[in-house]
Asker: 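First, the structure itself, so that you have it in front of you.
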Number of protein chains: 2
Amino acid sequence: MSNRVSESEQFVMEVLWQESPLSSQEVVERLKAQDWNEKTVKTFLNRMIKKGVIGFETQGRKYLYYPNIEREEFIQQESNGFLDKVFKGNVKELLATFVQNKQLSKQELDYLKTLLDKEQG
Amino acid sequence: MSNRVSESEQFVMEVLWQESPLSSQEVVERLKAQDWNEKTVKTFLNRMIKKGVIGFETQGRKYLYYPNIEREEFIQQESNGFLDKVFKGNVKELLATFVQNKQLSKQELDYLKTLLDKEQG
DNA sequence: CAGTTAAGATTACAGGTGTAATCTTAACTT
DNA sequence: AAGTTAAGATTACACCTGTAATCTTAACTG
C-alpha cells in the first residue's frame, strides 16, 4: 500500500506507462539503454508486483505487466515530495529557481506567461 | 566525495545553513520539531562528517559543526536531479505542473511574470 | 583526586535498493 | 516422451538509511 517506487523502478514504470501490457522480455528490451542485466530487471518487476505498483495478466508461462498507478498521480506525488523536501513547500522559490537556472526559449517563456495569465483567471 | 545527503541529513544541513558553527546539542535543540532522539541526531552528524558534507572545529571536548557545501549548490543539484528523474529534463513541463497544481496568489503570479520578463531580457 | 557527565565513537539491527545468480518448473522442441 | 529453455521465484549480498543503545574517555564537580 504505502510502498514507494525506487529510482530504478521508476524507469520500469516509464516503460509500462509508455505501452502495456508488456512481457518482461519486452520491458528488458525497452530498457537496454539502462544497460541492466535481464535478471536485474526481472528483480525489479518482481518487487514492483509485491509493492502493488504494477500488475500482470498471464499468457502461457509468462506474465504481461501493466501499471497499477497513473503517471499523472505519480508525478504529482513526487513533485509534492520534492517541493516539501527541498523547498519546504515554497512553490514560488521552486519556480524561481528553475526559471532562473535553466535556459528557456522565448517560446517557452511565452507559453509559461500564458499559463500564469490563465491561473490569474 | 560522491556520497550524498539523505533526507534526514538534509534537515541537519538546513539547521547548519541557518547558523553555524553549532554544537551537537544546539543542533538537537533546533531539530526538536523533528522529534528525533539525541542519539539519532548524533548519528547523522557522525555520518555527515564521514561523508564530508559537514566539518567541525573542536571546542574542549565537543565539536562545533559547520556545512561544507553551499545551500545554493545543493538545491541546484537536487533540482537538476529531480528534473531529470521525473520530467526527463523538460523544464517547461515541470514548471507547468507546479503552476497548474499549486495555488498561487496574485502576488506570486505577478512576481513570476516579472521573472519571466527578466529572462526574456 | 575520585566520581559523574556527557561528547563523540562504535556497534546494532531491520528494511530498502542495486545488482545479480541459482532454483523450480511449466512449456516448447525434436 | 525426454530433453532443453526460459519464465518467474527464491536467495544472495553489500551498502544506505532510520533509529538508537552501548562503549570510551576527556572534562567537569565536589
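FYI, side chains are in, hydrogens and waters are out, and symmetry mates aren't considered; it's all heavy atoms of this structure.
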Asker: Report yes or no: is there a donor-acceptor pair, N or O only, under 3.5 Å between the side chain of A:Arg47 and the base of D:dT11?
Answerer: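 A donor-acceptor contact between them is absent.
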Asker: Between B:Ser24 and C:dA7, does any side-chain N or O lie under 4.0 Å from OP1 or OP2?
Answerer: no
Asker: Please determine if B:Lys51 and B:Glu9 form a salt bridge, counting it only when a charged side-chain N lies under 4.0 Å from a carboxylate O.
Answerer: yes
Asker: Side chain of B:Gln25 only, heavy atoms from C-beta on: which candidate in C:dA7, C:dG18, D:dG18 is closest?
Answerer: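 Looking only at heavy atoms from C-beta outward on B:Gln25, the closest nucleotide is C:dA7.
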Asker: OP1 or OP2 of D:dG18 versus the side-chain N and O atoms of B:Thr43: is any pair under 4.0 Å?
Answerer: no
Asker: Would B:Lys42 and B:Asn37 count as a side chain to side chain donor-acceptor pair (under 3.5 Å) if you check the C-alpha gap in whole Å, the side-chain angles of each, and the deciding distance to 0.1 Å?
Answerer: CA-CA 9 Å; B:Lys42 300 277 193 83; B:Asn37 184 294; over 6 Å; no
Asker: Give me the atom names and distance for the closest heavy-atom approach of B:Ser20 to B:Tyr66.
Answerer: OG-CB, 3.8 Å
Asker: From C-beta outward on A:Arg61, which listed nucleotide comes closest to its side chain: C:dC28, D:dG8, D:dG18?
Answerer: C:dC28
Asker: Separation of A:Phe44 atom CZ from C:dT17 atom C1', in whole Å?
Answerer: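 Atom-to-atom, A:Phe44 to C:dT17, this comes out as 8 Å.
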Asker: Can you tell me if the side-chain N/O atoms of B:Ser8 get under 4.0 Å from OP1 or OP2 in D:dG18?
Answerer: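 Yes, because at least one side-chain N or O of B:Ser8 sits under 4.0 Å from OP1 or OP2 of D:dG18.
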Asker: In whole angstrom, give the distance that lies between atom CE of A:Met48 and atom P of C:dG18.
Answerer: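 Rounded to whole Å, this separation is 11 Å.
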Asker: To the nearest Å, give me how far apart CH2 (B:Trp36) and C1' (D:dT17) are.
Answerer: 11 Å
Asker: Can a side chain N or O of B:Ser23 be found less than 4.0 Å away from OP1 or OP2 on C:dA7?
Answerer: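 For B:Ser23, the contact criterion (side-chain N or O under 4.0 Å from OP1 or OP2 of C:dA7) is not met.
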Asker: Please state how far atom CG in B:Leu31 lies from atom C1' in D:dA20, giving the value in whole angstrom units.
Answerer: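 Whole-Å distance recorded here is 16 Å.
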Asker: May I have the distance from B:Glu57 (atom CD) to C:dG8 (atom P), rounded to whole angstrom?
Answerer: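 To the nearest whole Å, that distance equals 13 Å.
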Asker: Give a yes/no on whether any side-chain N or O of A:Tyr63 is located under 4.0 angstrom from OP1 or OP2 of C:dA26.
Answerer: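 For A:Tyr63, the contact criterion (side-chain N or O under 4.0 Å from OP1 or OP2 of C:dA26) is not met.
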Asker: In whole angstrom, what separates B:Lys62's NZ from D:dT25's P?
Answerer: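 Rounded to the whole Å, the gap is 20 Å.
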Asker: Closest to the B:Asn46 side chain: D:dA9, C:dT10, D:dG18?
Answerer: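 The nucleotide sitting nearest to the side chain is C:dT10.
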Asker: If you apply the rule ring pair (Phe, Tyr, Trp, His ring centres under 6.0 Å), what do you find for B:Phe11 with B:Phe44, and how did you get there?
Answerer: CA-CA 10 Å; B:Phe11 283 93; B:Phe44 292 152; 9.4 Å; no
Asker: Using whole Å, report how far NZ of B:Lys42 lies from P of D:dA21.
Answerer: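 Answer to the nearest Å: 13 Å.
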Asker: With hydrophobic residues grouped by side-chain heavy-atom distances under 4.5 Å, do A:Val5 and A:Trp36 end up in a single group?
Answerer: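 Yes, A:Val5 connects to A:Trp36 through the hydrophobic network.
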Asker: Is A:Lys51 close enough to C:dT17 that one of its side-chain N or O atoms is under 4.0 Å from OP1 or OP2 there?
Answerer: yes
Asker: Hey, does the side chain of A:Ser6 come within less than 4.0 Å of C:dT17's phosphate (OP1/OP2), counting only N and O?
Answerer: no
Asker: Is C:dA27 paired to anything, Watson-Crick or G-U wobble with both distances less than 3.5 Å, and if yes, which nucleotide?
Answerer: D:dT4
Asker: Just how far, in rounded Å, is P of D:dT19 from CG of B:Asn37?
Answerer: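 Going from B:Asn37 (CG) to D:dT19 (P), I get 11 Å.
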Asker: Take the angle between the ring planes of A:Phe87 and A:Phe82 and call it parallel below 30°, perpendicular above 60°, tilted in between.
Answerer: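 Perpendicular: the ring planes of A:Phe87 and A:Phe82 meet at over 60°.
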Asker: Between the side-chain atoms of A:Lys39 and the base atoms of C:dT22, is any donor-acceptor pair under 3.5 Å?
Answerer: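 By the distance-only test, yes, there is a pair.
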Asker: Over all strands shown, is B:Phe56 touching base, sugar-phosphate only, or nothing at heavy-atom distances under 4.0 angstrom?
Answerer: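 Answer is nothing: B:Phe56 stays at 4.0 Å or more from every strand.
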